[in-house]
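Structure first, then comments.
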Amino acid sequence: MTLVSIVNTIGNAAWKFSGRPLEITSKVLGIGTIASVVYDTHINGKEKAIVTDRIETADRYEKNYRQYMHLDKQSQTIADCKNSWFNMQKTFSWFHIISSAGGYFAGAAQTVLSNLPELALSAVALRTKNHKILGKTAGLMLGANTIKTLTYDVIGIGKDKE
């Protein structure tokens, strides 16, 4: 086998598979981006649920305690009923479930909306079968975003030193 035929064979193989690595890389980056956004959505939703529940619980306790402390007429029976109502509201779990669910969905929606461009690029990179150039372009843009995130946010290159 001559050197020219070896180069010709390598050139033909490279020409035949030249678009495939970029296509596969764009799909991998799309899957990775979607997985990262889903994970961040869940974590941010949980944190927002905890904060929302604590704030709403504190507000509810303060309001109920003020109401409990104020008696329109002196009556031990009414005071005991208000105390029982106050204690029941402290232990009643429906309030916690409702406020936590609202906080979770608020935190999750905020994360999804802040990552909408990355999700759109991932969807384009994963769903373009007929327009392979579009999928490869989306993959390149996801790659550039990944490099920017790694260099700026993780390593800290380009950030102001504090």
Side-chain angles (χ1 to χ4, degrees), residues 22-131 133-162:
L22 188 57
E23 184 180 333
I24 292 170
T25 304
S26 67
K27 300 229 185 267
V28 168
L29 285 171
I31 291 169
T33 301
I34 288 175
S36 172
V37 170
V38 167
Y39 178 74
D40 287 345
T41 299
H42 176 64
I43 296 299
N44 292 341
K46 279 186 0 183
E47 290 174 359
K48 183 77 172 182
I50 291 169
V51 169
T52 302
D53 181 43
R54 287 181 181 169
I55 290 172
E56 289 184 7
T57 300
D59 291 344
R60 190 174 59 252
Y61 286 175
E62 178 187 12
K63 177 185 160 199
N64 290 339
Y65 188 73
R66 287 178 188 259
Q67 185 179 8
Y68 164 72
M69 293 299 290
H70 177 71
L71 291 174
D72 293 332
K73 59 182 183 178
Q74 286 298 107
S75 171
Q76 187 61 36
T77 307
I78 294 175
D80 288 343
C81 288
K82 283 189 170 193
N83 189 20
S84 297
W85 177 249
F86 177 70
N87 289 333
M88 193 263 317
Q89 285 186 338
K90 284 196 315 187
T91 60
F92 192 56
S93 64
W94 286 104
F95 296 116
H96 299 291
I97 291 171
I98 292 169
S99 63
S100 294
Y104 182 85
F105 288 121
Q110 181 181 6
T111 304
V112 168
L113 289 176
S114 68
N115 290 312
L116 207 54
E118 290 88 357
L119 287 173
L121 284 174
S122 298
V124 168
L126 290 173
R127 295 293 297 168
T128 53
K129 287 189 178 189
N130 297 335
H131 305 286
I133 279 290
L134 190 62
K136 291 175 187 177
T137 305
L140 286 173
M141 292 173 80
L142 280 173
N145 185 30
T146 303
I147 291 170
K148 177 251 172 205
T149 301
L150 288 175
T151 56
Y152 185 75
D153 293 330
V154 176
I155 298 172
I157 296 174
K159 282 189 172 182
D160 293 334
K161 305 292 183 213
E162 296 178 12

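Heavy-atom basis, side chains included; hydrogens, waters and symmetry copies ignored.
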Distance from [X] atom [atom1] to [Y] atom [atom2], nearest 0.5 Å?
X	Y	atom1	atom2	result
Asp53	Ile98	CG	CD1	11.0 Å
Leu142	Thr137	CG	OG1	11.0 Å
Met141	Lys148	CE	NZ	13.5 Å
Arg127	Leu134	CZ	CG	13.0 Å
Ile34	Leu119	CD1	CG	6.5 Å
Thr33	Leu121	OG1	CG	8.5 Å

Residue pair [X] / [Y]: nearest heavy atoms and the distance that separates them:
X	Y	result
Ala49	Ser100	CB-O, 3.2 Å
Thr41	Ala108	CG2-CB, 3.4 Å
Ala125	Ala138	N-CB, 3.9 Å

Got a donor-acceptor contact below 3.5 angstrom from the Thr149 side chain to the Asn145 backbone?
->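 Flag set: sc Thr149 to bb Asn145 pair under 3.5 Å.
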
Testing His42, Lys46, Lys48 for side-chain hydrogen bond (donor to acceptor under 3.5 Å, both in side chains) with Tyr104, which one passes?
->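 The passing option is His42.
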
Would you indicate whether Arg60, at its atom CZ, is surrounded by more than 12 heavy atoms from other residues, nucleotides or ligands within a distance under 6.0 Å?
-> yes

Reference residue Arg54; test side chain to side chain contact (heavy atoms under 4.5 Å, CB included); the match among Thr52, Val51, Ile50, Thr57 | Ile50

Are the side chains of Gln110 and Asn44 in touch, meaning some heavy atoms are under 4.5 Å apart?
-> no

